[in-house]
2 protein chains.
Amino acid sequence: MQPTTVMPPMDELRKVFREAGLSLTHQRVVLYRAVLEMRSHPSPEAIYERVRDEIPSISLGTVYKNIRAFMDAGLVREVSPHHGTLRLESNLEEHHHLVCTRCKAIVDLEESDLEPVRLRRELPGGFRVDRYSVEFRGLCAACSAKPDLS
Amino acid sequence: MQPTTVMPPMDELRKVFREAGLSLTHQRVVLYRAVLEMRSHPSPEAIYERVRDEIPSISLGTVYKNIRAFMDAGLVREVSPHHGTLRLESNLEEHHHLVCTRCKAIVDLEESDLEPVRLRRELPGGFRVDRYSVEFRGLCAACSAKPDLS
DNA sequence: TATTAAACGATAATTGTTATCGAAAAGTCA
DNA sequence: TGACTTTTCGATAACAATTATCGTTTAATA
C-alpha cells in the first residue's frame, strides 16, 4: 500500500502554490502538508486540531479560508457534494444517484440500470458492507447549458 | 417510469406509523406524504416550504423532529452519510469509498480494486458525467465489534 | 370522556461556516 | 534591500442549519 500523495519538498510546494495563484505563507504550507498527510478525509475541525501542534496561534477561520482556497484551486476536493444540508430519500430500494454538482439536484438510477459492481479483491479487514451505491457526478442538462458564473 | 413509492391510503398509513411506534398526527401524515411524493431528495427547508401549503402554521422544528423520527424508524433515509460537516480528500485519483455509518470513517479503495462500472442504458437526457465513484456503506471492524449503544 | 403520554409551535441554544476588519506578513520592483 | 502594494492572518461578529427546551395542545388508552 503506497501513499497516494507524496509529500512535496519546499521548492515543489512553491511551484504548486504559484500555479494555483496562492501566495506562500507559513500557515498555508503547514495546512497543505497536514491535509496531504491525513489519510482520514479530515474535517476542518480535525485539521485545525492537528495543525495547532505546529502553529498553536492559528485560528479556525484561517483553516476554513485556506481549505476553501485549496478547493477552489483544485488541490483538494470535498468528499460529499451535499454536505451543507440534509437530503432525504424515500426510495428504499437499492439504487444509484446522478448528482449535479452545480445545482445539487439528485436523480435516482434504478439498480437495474447498471451492471452489478464487482470487487477484484477483499475489502480491508473486517469491514461489513450493508449496501453500496454508485454516485455519478457532473452537470445536469439545465446547468451545463448555463454559463459558469463562478 | 413508475413511481418507486406508492402513496399509501390512510389505513395503511395508520399501520405503518403504528409499527414504527409513531403516534398518528395530522402534521406527521402530511409530512410523510410530502416526502414520499417529492422525488427530488428534498432538504428539510424544501419539505417545510411544501408542507406549509397544507398546514400554514406548521413550524420548522416540527419538520426536523419528524424527519428524525422517520429516519430512526427507517421510513426514509438520508442521502449522504457525511452531511454534517465538510470532509476533505487529497487523493485526486479516481477511487472509491468505504464508509462507516457509525463513526463516519472513510477509507479509500483504489480504482483498480473494482471491475469498471458499466451502464446498461443511457443516462437521463443531457446529464454530463465528470466522474463517478462507488460508496460502500457499513460498519468498520472497530464499530461492528462494539455493541450498538443508540 | 377522563387520564396519561406524546407531539406541537415558539423560541433559545448549539454547531458549522462565512464575513469583516485592523494588524502583520508576503509579493513586487526600483 | 527598502518602500510600497497586496494578500493573509487572527479575532470576532454574523449567518445558516440543526437541536433542545418548555408550556400548550392533541392523540392514545381504557
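Order of the sequence lines sets the chain letters (A, B, ...), proteins ahead of strands, with each chain counted from 1. Scope of the values below: all heavy atoms of this structure, side chains included, with no hydrogens, waters or symmetry mates.
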S.K.: We want to know whether B/Ser80 and A/Ser80 form a side-chain donor-acceptor pair, criterion being a heavy-atom distance below 3.5 angstrom.
M.R.: yes
S.K.: Can you work out whether B/Gly84 or B/Arg28 has the more 5'-proximal nearest nucleotide on DNA chain C?
M.R.: B/Arg28
S.K.: Would you mind telling me which of C/dA26, C/dC8, C/dT17 lies closest to the side-chain atoms of A/Pro44?
M.R.: C/dT17
S.K.: Does any donor atom in the side chain of B/His41 or A/Asn91 lie under 3.5 Å from an acceptor atom in the other side chain?
M.R.: no
S.K.: To the nearest Å, how far apart are A/His26 NE2 and C/dA24 P?
M.R.: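 Rounding to the nearest Å, NE2 of A/His26 and P of C/dA24 are 17 Å apart.
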S.K.: In whole angstrom, give the distance that lies between atom CG of B/Leu31 and atom C1' of C/dA7.
M.R.: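 It is 12 Å, rounded to the nearest whole Å.
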S.K.: Measure the distance from CD on B/Gln27 to C1' on C/dA10 and round it to the nearest whole Å.
M.R.: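 Between C1' of C/dA10 and CD of B/Gln27: 14 Å.
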S.K.: Between B/Pro124 and A/Leu98, is there a side-chain heavy-atom distance shorter than 4.5 Å?
M.R.: yes
S.K.: With a 4.0 Å limit, can you tell me whether A/Ser43 has a side-chain N or O closer than that to the phosphate oxygens OP1/OP2 of C/dG16?
M.R.: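 Answer is no, no contact under 4.0 Å.
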S.K.: With nearest nucleotide decided by heavy atoms, which residue, B/His83 or B/Arg18, maps closer to the 5′ end of DNA chain D?
M.R.: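 Taking each residue's closest nucleotide, the earlier one in sequence belongs to B/His83.
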S.K.: Heavy atoms, side chains only, cut-off 4.5 Å: are B/Val79 and A/His82 in contact?
M.R.: yes
S.K.: Atom CD of B/Glu78 to atom P of D/dA17: distance rounded to whole Å?
M.R.: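 Distance, rounded to whole Å: 16 Å.
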S.K.: I need the NE2-C1' distance between A/His82 and D/dA17, as an integer number of Å.
M.R.: 17 Å
S.K.: B/Leu86 side chain: which of C/dA7, C/dT17, D/dA17 is closest?
M.R.: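 Taking heavy atoms from C-beta onward, the closest nucleotide is C/dT17.
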S.K.: Rounded to the nearest angstrom, tell me the gap between atom CG in A/Leu24 and atom C1' in D/dC9.
M.R.: 15 Å
S.K.: Expressed as a whole number of angstroms, how long is the span from B/Met10:CE to D/dA27:C1'?
M.R.: 12 Å
S.K.: Does the side chain of A/His96 come under 3.5 Å of the side chain of A/Glu110 through a donor N or O and an acceptor N or O?
M.R.: no
S.K.: Can you confirm if the aromatic rings of A/Tyr48 and A/Tyr64 lie within a centre distance of less than 6.0 Å?
M.R.: no
S.K.: A side-chain contact here means heavy atoms from C-beta on lying under 4.5 Å apart; do A/Thr85 and B/His83 qualify?
M.R.: no
S.K.: Between B/Ser23 and B/Thr85, which is nearer to the 5' end of DNA chain C once each is assigned its nearest nucleotide?
M.R.: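 Taking each residue's closest nucleotide, the earlier one in sequence belongs to B/Ser23.
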S.K.: Quick one: B/Tyr32 OH to C/dA7 P, roughly how many Å, whole number?
M.R.: 16 Å
S.K.: Using a heavy-atom distance cut-off of less than 4.0 Å, which residues of residues 53-75 of chain A contact DNA chain C?
M.R.: A/Tyr64, A/Lys65, A/Arg68
